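Read the structure below first, then the notes.
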There are 2 protein chains.
Amino acid sequence: MISQTAEYALRAIVFLGNQAGEACTTAQLADEIDAPPSYLAKVMKGLTRAGIVGSQRGLHGGFTLARNPCDVTVLEVVNAVDAFHRIPQCPLGRPAHTSGLCPLHRRLDNVMAVAERSLEQATIGEVLEEPGLLCTLPCISRSALNAKHGASV
Amino acid sequence: MISQTAEYALRAIVFLGNQAGEACTTAQLADEIDAPPSYLAKVMKGLTRAGIVGSQRGLHGGFTLARNPCDVTVLEVVNAVDAFHRIPQCPLGRPAHTSGLCPLHRRLDNVMAVAERSLEQATIGEVLEEPGLLCTLPCISRSALNAKHGASV
DNA sequence: GTAATTATAGATGTGAAGATCTTTTTAGTG
DNA sequence: CACTAAAAAGATCTTCACATCTATAATTAC
């Protein structure tokens with residue numbers, strides 16, 4: 001349901017959301033969120049096309065979050081790179097069942113619907129502001145963050 | 001989330017549940033549920049190992065549902081062939097986060113939990129007895145069913 | 001016993017997602 | 001302008017779920 005690609009995309013968005021407008025290159029991002037750089041480039045393209053991040057080429061370019069984190073849902077990010085699939089009709093497509101789903105697939109689709117709603121209710125803003133944890137970034141320690149902000153860049 | 005393999009397994013279980021104890025060979029099953037026969041054989045092995053279906057070799061052998069359909073959850077079937085994955089810990093495994101999940105992955109795991117619960121609440125018995133649809137079997141029409149029960153076997 | 005039928009086991013093939021690499025285009029800097 | 005930094009684009013490689021095939025073991029019928 002959450003593909004590896006979607007996982008990278010979410011990490012990237014959360015990281016950018018914490019960067020307060022600072023542009024971030026693919027190489028930087030890849031290092032921070034522990035994703036393969038060349039693959040991340042492809043993932044970021046998807047997020048750019050979807051309008052979730054803005055991109056700037058050339059020197060001092062990079063990616064920035066294009067929208068308010070509180071308005072970006074986790075589902076949007078997932079869909080931007082790897083569309084979430086519901087069950088539109090019975091997979092076997094027998095003539096008698098072109099409209100509506102059989103009992104089995106109705107239930108399975110319901111599971112997907114529940115999951116989809118759950119993904120839609122979570123926003124990036126919420127994730128960023130979640131209290132009670134050491135890290136606001138997924139799996140990146142505060143110390144690493146401070147080091148980065150204090151030293152280089 | 002619901003892999004192709006799990007889809008085949010569910011169709012097979014629903015079909016067997018509707019067969020009232022009649023043993024069904026892999027070839028028959030594959031034909032009925034529209035699954036690749038040789039692959040279905042492998043899927044059925046998983047269901048057998050999990051104790052959800054019983055198997056009988058030799059002439060007049062085949063598979064039968066080993067338990068009361070009402071006691072078999074959709075989740076059990078899925079897990080028998082293609083384990084449902086929660087997020088046990090932060091995928092990056094930074095030392096600081098070995099216990100508990102970061103805000104992002106806590107939410108993602110929550111989505112999985114919601115889906116898992118939903119899969120667990122649906123039983124095969126429910127699917128079989130669902131009213132208001134032409135088919136009790138997924139995507140197999142009543143007429144096809146009657147033909148089968150009336151004629152051969 | 002033999003032959004037929006069927007599940008079981010394991011080796012092998014295939015395609016799509018995941019990942020990498022190279023080239024091109026765009027933007028800033030001196 | 002030339003030079004460099006960075007995203008965009010697209011070709012290619014890799015890996016794993018999905019699928020197939022062949023051989024073996026178990027059961028029944030005769």
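Just so it is clear, the values below take in all heavy atoms, side chains as well, and ignore hydrogens, waters and symmetry mates. Numbers restart at 1 for each chain; the letters A, B, ... are given by sequence-line order, proteins then strands. Because the structure is predicted, anything quoted here is derived from the model rather than measured.
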N or O in side chain of B:Gln56 less than 4.0 angstrom from D:dT28 OP1/OP2 = yes
Any A:Ser55 side-chain N or O less than 4.0 Å from OP1/OP2 of D:dA7 | no
Kindly point out which of D:dA8, C:dA7, D:dC18 is positioned nearest to the side chain of A:Lys45?
-> D:dA8
Whole-Å distance separating the CD1 atom of B:Ile33 from the P atom of D:dA19 = 12 Å
Looking only at side chains, do A:Asp82 and A:Thr5 share a donor and an acceptor under 3.5 Å apart?
-> no
d(NZ, A:Lys42; P, D:dC13) in whole Å | 14 Å
Can you check the B:Met44 CE to D:dC18 C1' distance for me, whole Å?
-> 17 Å
Under 4.0 Å: is that the gap between some side-chain N or O of B:Tyr8 and OP1 or OP2 of D:dA19?
-> yes
Just compare D:dC18, C:dG18, C:dA7 and give me whichever is closest to any side-chain atom of B:Tyr39.
-> D:dC18
Are the side chains of B:Glu7 and A:His105 in touch, meaning some heavy atoms are under 4.5 Å apart?
-> yes
Considering all heavy atoms, the nearest A:Glu116-A:Leu75 contact | CG-CD2, 3.8 Å
B:Arg49 side chain N/O closer than 4.0 Å to the phosphate oxygens (OP1, OP2) of C:dA9?
-> yes
Using a cut-off of less than 4.0 Å, is there contact between a side-chain N or O of A:Thr5 and OP1 or OP2 of C:dG18?
-> yes
What is the distance, rounded to the nearest whole Å, between atom CZ of A:Arg57 and atom C1' of C:dT24?
-> 8 Å
For atom CD1 of B:Ile2 and atom C1' of D:dC18, their distance in whole Å = 16 Å
Nearest-nucleotide comparison on DNA chain D, the residue closer to the 5′ end among A:Gly62 and B:Gly58 | A:Gly62
Heavy-atom nearest pair, B:Arg107 first then A:Val127, reads CD-CG2, 3.4 Å
Grab the CG-P distance between A:Leu29 and D:dA8 for me, whole Å please.
-> 12 Å
Expressed in angstrom and rounded to an integer, what is the separation of B:Gln4 atom CD from C:dA16 atom P?
-> 13 Å
Could you pick out which residue, A:Leu40 or B:Leu59, lies toward the 5' side of DNA chain C when each is mapped onto its nearest nucleotide?
-> B:Leu59
Is the phosphate of D:dA7, meaning OP1 or OP2, less than 4.0 Å from a side-chain N or O of A:Thr26?
-> yes
Select base, sugar-phosphate, or nothing to describe what A:Ser38 touches, counting heavy atoms under 4.0 Å on all strands.
-> base
Are any of the side-chain heavy atoms of A:Leu47 and A:Met44 separated by less than 4.5 Å?
-> yes
Just how far, in rounded Å, is P of C:dA7 from CD1 of B:Ile52?
-> 18 Å
Would you say C:dA27 has OP1 or OP2 under 4.0 Å from some side-chain N or O of A:His60?
-> no
